[in-house]
Amino acid sequence: FNLILALFPLTKILIIFNYLHIFFSSGCAIIRPPRDGGIRYRGLTQEQVVQVLPVDYEIEYICRGNRVIVGPKVRKCLPDGTWTDLNQRSKKKLYIGALFPMSGGWPGGQACLPAAQMALDLVNKRTDILPDYELELIYYDSMCDPGEATKLLYDLLYTEPIKIVLMPGCSSVSTLVAEAARMWNLIVLSYGSSSPALSNRQRFPTFFRTHPSATLHNPTRVQLFQKWKWTKIATIQQTTEVFTSTLDDLEQRVKEAGIEISVRQSFLTDPAVAVKNLKRQDARIIVGLFYETEARKVFCEVYKEKLYGKKYVWFLIGWYADNWFKIKDPSINCTVEQMTEAVEGHVTTEIVMLNPETVRGASNLTSQEFLAQLMSKLGGKNPEETGGFQEAPLAYDAVWALALALNKTVGPLKAKGRRLEDFNYNNKDITAEIYRALNTSSFEGVSGHVVFDAQGSRMAWTLIEQLQGGSYKKIGYYDMTKGNLSWYGNDRWIGSDPPADQTVVIQKFRYLSQKLFVSVSVFAGLGILMGIVCLTFNIYNSNVRYIQNSQPYLNNMTAVGCMMALAAVFPLGIDGLHVRNSQFPVVCQFRLWLLGLGFSLAYGSMFTKIWWVHTVFTKKDEKKDKRKHLEPWKLYATVGVLLVIDILSLMIWQIVDPLHITVEKFTKEAPKGDVDQLIEPLLQHCSSEKMNTWLGVVYGYKGLLLLLGIFLAYETKSVSTEKINDHRAVGMAIYNVSVLCMITAPVTMILSSKQDASFAFASLAIIFSVYITLVVLFVPKMRRLITRGEWQSDQQETMKTGSSTNNNDEEKSRQLERENKELQKIIQEVLCHLHFVHLLSVHLSHERSIDFMDSKFNVKNYFISDLKTMW
């Protein structure tokens with residue numbers, strides 16, 4: 001053998017062996033290859049042998065296990081004992097590392113794995129797609145658990161052969177795989193990941209998915225919220241990244257649409273507390289984001305809390321199994337009937353995962369033919385009980401998307417002198433070519449048109465379904481790219497219409513009792529009529545001496561002020577029942593000005609009278625003399641000063657902080673009957689921004705005047721003067737007005753929320769004050785003039801001399817008073833002198849019977865003590 005090797009080159013020896021084989025053998029049964037299959041070359045690797053062999057050669061061997069067949073002309077011994085055709089080129093294998101969750105929160109691998117295997121079989125049989133390659137799937141069960149997926153990913157990466165692409169399912173697992181894959185220059189193509197977080201190109205630069213992002217549900221949800229006129233929703237989510245990021249996107253979208261998320265609840269494993277919070281906070285339209293196993297826990301608690309029925313609508317994810325609520329689950333203690341009752345009427349939004357049109361795409365299968373083949377491969381399993389059955393078309397199209405992308409890279413790689421089989425975890429060029437091919441993918445699949453956006457996510461339509469009578473019914477589609485909602489109009493509700501997004505709150509204004517308003521208005525009107533009578537009487541008899549001595553002009557001011565105060569009763573009772581909101585501030589101004597100016601005129605004129613009486617008649621004699629000739633115009637000026645102070649303060653108030661209408665809201669009240677409504681009482685007020693400050697200033701100023709008026713009235717109660725002959729009546733009126741005002745002001749502030757009580761108290765206080773004032777001031781004058789006949793004289797002389805006569809009489813009266821006091825002093829002095837003489841005579845009569853010295857001493861002492869007593 002050594003001699004042959006020396007004489008003939010290796011190639012010739014192989015040719016000789018080849019001819020000998022052809023000559024002596026007939027069929028592959030005569031071949032005696034080595035035990036492990038193939039031909040061994042001492043000192044050379046298999047690849048090196050292929051490089052040195054000539055083009056025309058043939059290697060025949062038996063493949064065992066996963067041994068790779070290489071070489072331009074290689075025949076394989078098939079299991080039936082025949083050899084492959086010499087002209088048929090052998091295919092090089094490309095391996096796909098996949099993770100299919102066969103159990104766990106989403107057991108999607110139960111249907112997605114058979115669908116992927118169906119696609120691989122069709123791809124490997126096609127001669128126009130990867131003719132020189134064969135795709136092979138190496139898969140494990142991730143159980144939808146990131147911890148388990150970490151271990152399996154390690155096995156995939158560090159166990160031969162090299163995988164060219166990774167295909168995970170489940171968002172939590174895909175997040176882990178996609179983030180790690182960049183370190184090994186691996187493309188990740190997911191068939192069952194919806195987490196919006198995966199749409200981050202900086203974090204996941206090589207990630208693609210045929211399952212659209214979960215955020216694709218959100219535009220559809222917002223569209224439905226707007227269709228059913230809901231502006232307030234609630235959410236409950238399982239605490240995982242996929243649902244948290246989905247909810248963040250939903251929150252942003254509803255905010256832009258003017259919709260409020262009033263309640264946001266989350267849970268990790270037990271949703272009991274979260275569901276109770278939804279019930280307590282009156283959530284009605286609820287978006288639920290959780291996996292199927294947690295969905296059963298949630299709706300068991302929903303049944304217990306009675307958070308279902310005609311008042312509630314639940315929005316769920318549409319990729320659960322159709323009978324997910326009927327599956328026996330040991331983690332819940334609710335029956336199938338209870339679960340069916342709780343889930344009735346909920347709405348699902350689901351990505352369109354099966355092409356509704358009958359078209360043949362890249363696989364040359366329609367969607368219905370695909371389903372028929374998948375059912376056959378599942379061996380008659382119930383699709384409703386098979387996890388991932390709805391996502392199976394996505395897994396099928398994921399394999400086709402990968403195959404078409406790899407097929408597209410063959411030409412560019414060949415131009416660069418590279419091949420797909422040259423891929424390793426350090427080769428960025430091949431990864432870049434695969435990335436470009438996937439990024440530009442566009443074909444018709446069994447799930448619809450397959451195309452990826454800039455973030456690698458699938459673009460698709462959204463299917464809207466509703467659970468009606470225990471089964472899901474299609475009620476519409478939504479195309480986010482065009483904003484087009486296709487609606488079937490077959491949605492059905494437990495009530496007649498879609499429920500309200502919250503308890504319907506009917507705002508109802510509280511208005512003043514009209515009976516009370518009319519009754520008080522009658523009394524106010526009679527009071528105004530009485531004021532007119534009193535004013536007319538006072539003006540008509542203003543030249544009568546008795547009327548003149550009461551300062552009639554001040555009394556006229558009092559009558560006018562009383563009528564203005566009574567007129568303020570009418571705007572006090574006018575509210576939104578009588579005027580529009582735009583006119584209400586005018587009513588507020590009438591209330592303020594009529595009551596303010598009326599008080600200043602009526603009380604100010606009485607206060608001026610009593611103040612003048614106190615000033616003149618309670619001071620020392622010399623001061624009386626200086627002030628007794630006080631001119632009437634000074635009294636009018638005093639009233640004018642008080643009036644001007646009020647006018648200026650009210651003007652400043654209305655310029656700086658004008659009155660406007662405010663609405664007070666009260667606790668909601670439930671009406672009778674089973675009506676999903678609440679009544680919210682409202683009450684209109686006249687108010688300003690710093691109402692309490694202004695009221696404090698006004699009440700403080702008026703309160704001081706009232707207190708001072710009470711003091712002056714008390715001080716002058718015993719004074720008698722003809723100049724102001726009705727000052728005692730004025731004092732009595734001041735007492736009544738002051739007491740009523742001091743009680744009414746704080747009480748009305750306390751009762752401001754009770755419109756009837758507040759109005760009754762304030763208006764009756766005004767009416768009583770006015771009636772008392774008019775009666776006390778004017779009725780006695782009327783009675784005197786009627787009973788005594790002191791009517792106005794028709795003679796002009798009387799009109800001219802009346803005032804001077806009155807002044808002379810008063811002067812004579814004061815002169816007589818002074819003379820009387822002087823006479824009393826003289827009489828007192830005379831009496832003192834007489835008493836002194838009498839005492840002296842008594843002491844002198846006893847001198848003889850007493851010792852001279854002792855008697856002198858005793859008489860002296862006795863005399864001195866009596867003198868002290870006398871003085």
Side-chain angles (χ1 to χ4, degrees), residues 95-117 137-159 163 165-181 186 188-195 197-198 204 207 209-211 214 237-246 267-271 289-298 317 319-321 323-325 327-332 353 377-379 381-392 394-396 398-399:
Y95 293 92
I96 304 171
L99 297 174
F100 287 93
M102 309 304 291
S103 57
W106 178 66
Q110 297 176 5
C112 289
L113 176 59
Q117 290 173 334
L137 196 65
I138 301 175
Y139 60 90
Y140 298 104
D141 177 14
S142 68
M143 297 185 291
C144 203
D145 180 18
E148 180 68 17
T150 302
K151 173 181 172 297
L152 298 176
L153 178 62
Y154 181 86
D155 293 341
L156 285 172
L157 294 176
Y158 290 98
T159 303
K163 287 74 181 177
V165 172
L166 296 178
M167 287 184 60
C170 218
S171 294
S172 56
V173 172
S174 295
T175 301
L176 170 73
V177 173
E179 198 162 18
L186 279 168
V188 179
L189 178 59
S190 177
Y191 55 88
S193 303
S194 60
S195 172
L198 291 167
F204 311 106
F207 180 78
R209 53 180 165 184
T210 53
H211 194 301
Q237 64 156 117
Q238 184 181 353
T239 309
T240 58
E241 185 181 26
V242 55
F243 300 128
T244 300
S245 52
T246 301
F267 66 92
L268 187 59
T269 55
D270 185 6
L289 301 173
F290 28 72
Y291 285 114
E292 180 179 320
T293 53
E294 278 66 29
R296 286 188 281 269
K297 296 179 184 178
V298 169
I317 303 169
W319 39 256
Y320 302 158
N323 67 335
W324 62 271
F325 52 91
I327 298 174
K328 298 289 183 180
D329 193 336
S331 63
I332 63 174
M353 301 179 185
K377 195 169 184 66
L378 291 175
K381 291 183 180 179
N382 186 358
E384 295 183 356
E385 299 178 357
T386 305
F389 186 82
Q390 294 179 340
E391 291 78 10
L394 303 180
Y396 185 86
V399 174

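Treat the numbers as computed from the prediction; the structure is a model and nothing was measured. The figures that follow rest on heavy atoms only: side chains count, while hydrogens, waters and symmetry mates do not.
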How many angstroms lie between [atom1] in [X] and [atom2] in [Y], if you round to the nearest 0.5 Å?
{"X": "Leu156", "Y": "Ile96", "atom1": "CG", "atom2": "CD1", "result": "12.0 Å"}
{"X": "Thr293", "Y": "Trp106", "atom1": "OG1", "atom2": "CH2", "result": "13.0 Å"}
{"X": "Gln237", "Y": "Glu294", "atom1": "CD", "atom2": "CD", "result": "12.5 Å"}
{"X": "Glu384", "Y": "Trp324", "atom1": "CD", "atom2": "CH2", "result": "13.0 Å"}
{"X": "Leu157", "Y": "Lys163", "atom1": "CG", "atom2": "NZ", "result": "7.5 Å"}
{"X": "Thr150", "Y": "Glu148", "atom1": "OG1", "atom2": "CD", "result": "9.0 Å"}

Of all the heavy-atom pairs spanning [X] and [Y], show the shortest one and how long it is.
{"X": "Ser193", "Y": "Leu198", "result": "CB-CD1, 3.6 Å"}
{"X": "Thr246", "Y": "Leu289", "result": "CG2-CD1, 4.2 Å"}
{"X": "Cys112", "Y": "Gly388", "result": "SG-O, 3.7 Å"}
{"X": "Leu137", "Y": "Gln117", "result": "CD2-CG, 4.5 Å"}
{"X": "Glu385", "Y": "Asn323", "result": "CG-ND2, 3.6 Å"}
{"X": "Val188", "Y": "Ala178", "result": "CG2-CA, 4.0 Å"}

Side-chain heavy-atom pair [X], [Y] within 4.5 angstrom cut-off:
{"X": "Val298", "Y": "Phe267", "value": "yes"}
{"X": "Ser174", "Y": "Pro168", "value": "yes"}
{"X": "Tyr191", "Y": "Tyr396", "value": "no"}
{"X": "Pro107", "Y": "Met102", "value": "no"}
{"X": "Met353", "Y": "His211", "value": "yes"}
{"X": "Leu189", "Y": "Phe207", "value": "no"}
{"X": "Leu153", "Y": "Leu166", "value": "yes"}
{"X": "Pro101", "Y": "Met143", "value": "no"}

### Task
Would you check, one step at a time, whether the test side-chain contact (heavy atoms from CB on, under 4.5 Å) holds for Phe389 with Leu378?
CA-CA 10 Å; Phe389 186 82; Leu378 291 175; 3.9 Å; yes
Sidechain-backbone polar pair: [X] side chain, [Y] backbone, donor-acceptor under 3.5 Å:
{"X": "Arg209", "Y": "Ser195", "value": "yes"}
{"X": "Gln238", "Y": "Phe290", "value": "no"}
{"X": "Ser142", "Y": "Leu99", "value": "no"}
{"X": "Thr386", "Y": "Ala111", "value": "no"}

### Task
Determine, step by step, whether Ser194 and Val242 satisfy the side-chain contact (heavy atoms from CB on, under 4.5 Å) criterion, reporting the C-alpha distance in whole Å, the side-chain angles of both residues, the deciding distance to 0.1 Å, and the verdict.
CA-CA 7 Å; Ser194 60; Val242 55; 3.9 Å; yes
### Message
Pair Glu292, Ile317 - check side-chain contact (heavy atoms from CB on, under 4.5 Å), show working.
### Response
CA-CA 9 Å; Glu292 180 179 320; Ile317 303 169; over 6 Å; no
### Query
Run the ring pair (Phe, Tyr, Trp, His ring centres under 6.0 Å) check on Tyr291 and Phe243 step by step: do they pass?
CA-CA 9 Å; Tyr291 285 114; Phe243 300 128; 5.0 Å; yes
### Message
Among residues at least two apart in sequence or on other chains, which ones pass disulfide bond (SG atoms under 2.5 Å apart) with Cys170?
### Response
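If we apply the disulfide bond (SG atoms under 2.5 Å apart) test to Cys170, skipping adjacent residues, the hits are Cys144.
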#### Entry: Contacts of type side chain to side chain donor-acceptor pair (under 3.5 Å), residue Asp329, not counting sequence neighbours
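Side chain to side chain donor-acceptor pair (under 3.5 Å) check on Asp329 returns Arg296, Ser331.
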### Task
Determine, stepwise, if the pair Ser190 / Thr210 fulfils side-chain contact (heavy atoms from CB on, under 4.5 Å).
CA-CA 6 Å; Ser190 177; Thr210 53; over 6 Å; no
